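Numbers here simply count residues along the sequence, with the first being 1. All values below were derived from every heavy atom in this structure, side-chain atoms included, with hydrogens, water molecules and symmetry-related copies excluded. What you see is a predicted model, and the numbers here were worked out from it, not measured in a lab.
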Amino acid sequence: ALAGPPAGPPRGSMNISYVGPTNAHDGDAYAYEEQEERRALIRNMHAPMKRWFLRNSVLSERFGAFPLFWQDMEKWPHEALV
């Protein structure tokens, strides 16, 4: 005789339980995802922002040199202002 499926919740029921954060980086399950979304935004906006920034000399005078690489945008003190 063939064994049937293992006993469990009725078919179609939503028996979902929250186990906890699955992110090994920190205790917040969403913090890593938010960090990666922010990094993706910075990475995609760096080149257009750099072109815009370099075309406007007033910005260079006010905020100094624009970061050469997108990774440096995170540490640039004027990133939120520009």
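Taken to the nearest 0.5 Å, the NE2 atom of His46 stands 7.0 Å off from the CG atom of Leu68. Atom CD in Glu36 sits 7.5 Å away from atom CZ in Arg43 (nearest 0.5 Å). The distance from the CZ atom of Phe66 to the CE atom of Met49 is 4.5 Å, given to the nearest 0.5 Å. Here CZ of Arg62 is found 12.5 Å from CG of Asn56. Values are rounded to the nearest 0.5 Å. Separating the CD atom in Gln35 from the CD atom in Glu37 is a distance of 11.0 Å, to the nearest 0.5 Å.
When the side chains of ILVMFWY residues are joined at heavy-atom separations under 4.5 Å, either directly or via intervening members, Trp52 and Ile42 end up in a single hydrophobic cluster. In this structure, Leu54 is not a member of the same hydrophobic cluster as Leu59, with clusters built from ILVMFWY side-chain heavy atoms closer than 4.5 Å.
The minimum heavy-atom distance between Lys75 and Gln71, with the atom names listed, is CE-O, 4.0 Å.
No side-chain heavy atom of Met45 sits less than 4.5 Å from a side-chain heavy atom of Trp70. Using a 4.5 Å heavy-atom threshold, the side chains of Arg55 and Arg51 count as touching.
Panel note: side chain His78, backbone Gly64; no donor-acceptor pair is recorded below 3.5 Å.
Ring geometry, Trp76 versus Phe63: the interplanar angle exceeds 60°, so the pair is classed perpendicular (tilted spans 30 to 60°).
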